[in-house]
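To start, the structure under review is shown below, and the notes come after it.
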Protein chains: 2
Amino acid sequence: MKISTRTRYGLRAMLEIARGESAILQKDIAENQGISNKYLDQIVHSLKTAGLISNARGKKSGYVLTRDPGKITLYDIHRAFDPEVCLVECLSENIKCELSDTCQAQPVWSGLNKIVIDYMRSVTLESVLKGKESLRNK
Amino acid sequence: MKISTRTRYGLRAMLEIARGESAILQKDIAENQGISNKYLDQIVHSLKTAGLISNARGKKSGYVLTRDPGKITLYDIHRAFDPEVCLVECLSENIKCELSDTCQAQPVWSGLNKIVIDYMRSVTLESVLKGKESLRNK
DNA sequence: TTGTAAAACTACCAAAAGAGTAGGATAAGT
DNA sequence: ACTTATCCTACTCTTTTGGTAGTTTTACAA
């Protein structure tokens with residue numbers, strides 16, 4: 001039960017982009033964050049495919065957010081890499097657990113799933129930049 | 001980011017034990033829950049090592065909880081399999097992330113970690129048996 | 001005391017996921 | 001044309017996960 005490095009690096013890259021007043025190059029993100037530029041390739045690509053960032057190509061390129069930092073959540077970023085936030089298989093829409101009718105454990109996991117998603121939805125790039133998350137920390 | 005089957009089966013096994021009015025054999029748990037008895041070996045062993053269940057050996061054996069169902073939490077069960085609930089490496093006590101002083105992402109993950117742990121602590125075998133978790137579900 | 005049933009313990013294996021690398025294709029300045 | 005940076009595909013290596021197999025130990029019962 002771990003958050004993948006893709007999601008973690010993805011968040012850091014998004015923060016880097018959100019922080020800058022102008023467009024920022026992928027290779028600069030890589031440098032600032034100490035992440036291999038090649039690996040960041042995939043990450044940035046996923047973020048772009050998810051519609052969270054965009055860029056102009058060529059010399060004057062560089063990435064920018066497609067919308068307000070207050071409107072981009074951790075949930076959005078996470079889903080750029082994992083389409084479904086699903087802590088246990090039996091909750092997945094694709095799979096029907098044959099025990100689900102009688103299984104008393106299922107509501108436990110679905111409850112956990114819900115609070116995780118709710119949390120992720122509540123965290124925006126803006127709130128992170130303002131340091132609001134650190135308040136929950138204690 | 002998944003809950004392991006060990007933890008999931010572990011919860012189901014614990015519920016099975018908690019439900020019964022008398023001691024229950026491992027092989028009966030396996031049968032009732034549709035889990036390979038051999039695999040359950042490991043799971044039951046972890047639960048026992050963690051001090052959550054105990055048994056008499058030999059013919060009249062069978063497992064029982066070591067304490068009140070209201071005093072055994074999902075967090076206890078989870079830790080029987082994963083010693084540390086830690087969604088990202090940089091939160092681990094063993095590892096010191098060199099970025100941690102300036103990293104704005106870290107509080108996000110530590111906040112997530114906290115709510116997950118809080119949830120797990122709030123779920124007891126007793127509350128599950130009474131179906132209280134299903135209320136959060138919607 | 002011997003048989004037997006169940007749990008304990010150890011070792012192993014196969015599949016999947018995760019993390020990261022490599023390299024060529026493409027597009028857009030200069 | 002040359003360069004620079006992104007795009008895209010494929011591949012590799014490592015770790016984790018899920019699960020099986022087999023042998024040992026314990027304790028009861030005939």
Side-chain angles (χ1 to χ4, degrees), chain A residues 1-13 17 23-64 78 80-84 86-90 92 95, chain B residues 1-13 16-17 22-64 78 80-84 86-90 92 95:
Chain A
M1 193 183 171
K2 292 276 184 210
I3 298 289
S4 72
T5 60
R6 283 174 167 86
T7 297
R8 294 193 290 115
Y9 291 179
L11 173 60
R12 281 161 61 191
I17 297 168
I24 182 168
L25 293 177
Q26 177 185 307
K27 65 161 199 148
D28 290 332
I29 299 172
E31 199 168 313
N32 295 346
Q33 294 289 332
I35 302 170
S36 141
N37 190 39
K38 277 296 190 184
Y39 192 31
L40 197 57
D41 248 17
Q42 298 174 22
I43 290 157
V44 160
H45 180 248
S46 296
L47 292 171
K48 195 181 172 188
T49 302
L52 302 178
I53 56 176
S54 66
N55 71 333
R57 290 190 59 163
K59 189 102 185 235
K60 276 235 176 118
S61 64
Y63 287 98
V64 291
H78 186 268
F81 306 101
D82 287 284
E84 191 180 27
C86 177
L87 291 163
V88 297
E89 292 78 8
C90 66
S92 173
I95 295 165
Chain B
M1 192 182 171
K2 292 274 183 210
I3 299 288
S4 72
T5 60
R6 281 174 170 88
T7 297
R8 293 194 289 115
Y9 290 179
L11 173 60
R12 281 161 59 190
E16 190 83 20
I17 297 167
S22 65
I24 182 168
L25 293 177
Q26 177 184 306
K27 65 158 200 147
D28 290 332
I29 300 172
E31 199 168 312
N32 295 346
Q33 294 291 331
I35 302 170
S36 141
N37 190 40
K38 280 294 191 183
Y39 192 34
L40 196 58
D41 247 19
Q42 300 173 21
I43 290 157
V44 160
H45 180 248
S46 296
L47 292 170
K48 196 181 173 187
T49 303
L52 301 178
I53 55 176
S54 67
N55 70 332
R57 290 190 57 164
K59 192 109 183 230
K60 273 230 176 125
S61 63
Y63 287 98
V64 291
H78 186 268
F81 306 101
D82 287 285
E84 190 180 27
C86 178
L87 290 164
V88 296
E89 292 79 6
C90 66
S92 173
I95 294 165

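Order of the sequence lines sets the chain letters (A, B, ...), proteins ahead of strands, with each chain counted from 1.
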Query raised in the report: Within a radius of less than 6.0 Å around CD of B:E31, do more than 12 heavy atoms belonging to other residues, nucleotides or ligands occur?
Result: no
Query raised in the report: Which nucleotide in the set C:dT21, C:dA8, D:dA5 lies at the smallest distance from any side-chain heavy atom of B:K48?
Result: C:dA8
Query raised in the report: From D:dT6, D:dT20, C:dA6, pick the nucleotide closest to the side chain of B:S36?
Result: D:dT20
Query raised in the report: With sugar-phosphate meaning primed atoms plus P, OP1 and OP2, does B:Y63 contact a base, only sugar-phosphate, or nothing at under 4.0 Å between heavy atoms?
Result: sugar-phosphate
Query raised in the report: How about B:Y63 and B:L47: do any of their side-chain heavy atoms sit closer than 4.5 Å?
Result: no
Query raised in the report: Do B:N55 and B:Q26 have side chains that get closer than 4.5 Å, going by heavy atoms?
Result: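 Side-chain contact under 4.5 Å: no.
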Query raised in the report: Taking only residues two or more places apart in sequence, or in another chain, which ones meet B:S46 in a side-chain contact (heavy atoms from CB on, under 4.5 Å)?
Result: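 side-chain contact (heavy atoms from CB on, under 4.5 Å) check on B:S46 returns B:F81.
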Once you round it to whole Å, what is the distance between [atom2] of [N] and [atom1] of [X]?
X: A:L40; N: C:dT21; atom1: CG; atom2: C1'; result: 14 Å
X: A:R8; N: C:dA19; atom1: CZ; atom2: C1'; result: 11 Å
X: A:N37; N: C:dT21; atom1: CG; atom2: C1'; result: 12 Å
X: A:E31; N: D:dT6; atom1: CD; atom2: C1'; result: 17 Å
X: B:I24; N: C:dA7; atom1: CD1; atom2: P; result: 10 Å
X: B:E84; N: D:dT16; atom1: CD; atom2: P; result: 13 Å
X: A:I35; N: C:dT21; atom1: CD1; atom2: C1'; result: 15 Å
X: B:N55; N: D:dC28; atom1: CG; atom2: P; result: 12 Å

Report task. Determine, for nucleotides 9-18 of chain C in 5'-to-3' order, which nucleotides have protein heavy atoms under 4.0 Å from the base (write B), from only the sugar-phosphate (write S), or from neither (write -). Result -> B-B-------
Query - Minimal non-hydrogen separation, B:A30 against B:S36, with atom names - result: CB-C, 4.4 Å
Report summary line: Nearest heavy-atom contact between B:S4 and B:D82 is OG-OD2, 4.4 Å
Report task. Among A:I17, A:I24, A:V64, find the one that has a side-chain contact (heavy atoms from CB on, under 4.5 Å) with A:I53. Result ->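 Exactly one pass, corresponding to A:I17.
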Requested in this report: Would you tell me if any nitrogen or oxygen in the side chain of B:Y9 comes within less than 4.0 Å of OP1 or OP2 on D:dG18?
Outcome: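 Looking at the OP1 and OP2 atoms of D:dG18, neither is under 4.0 Å from any side-chain N or O of B:Y9.
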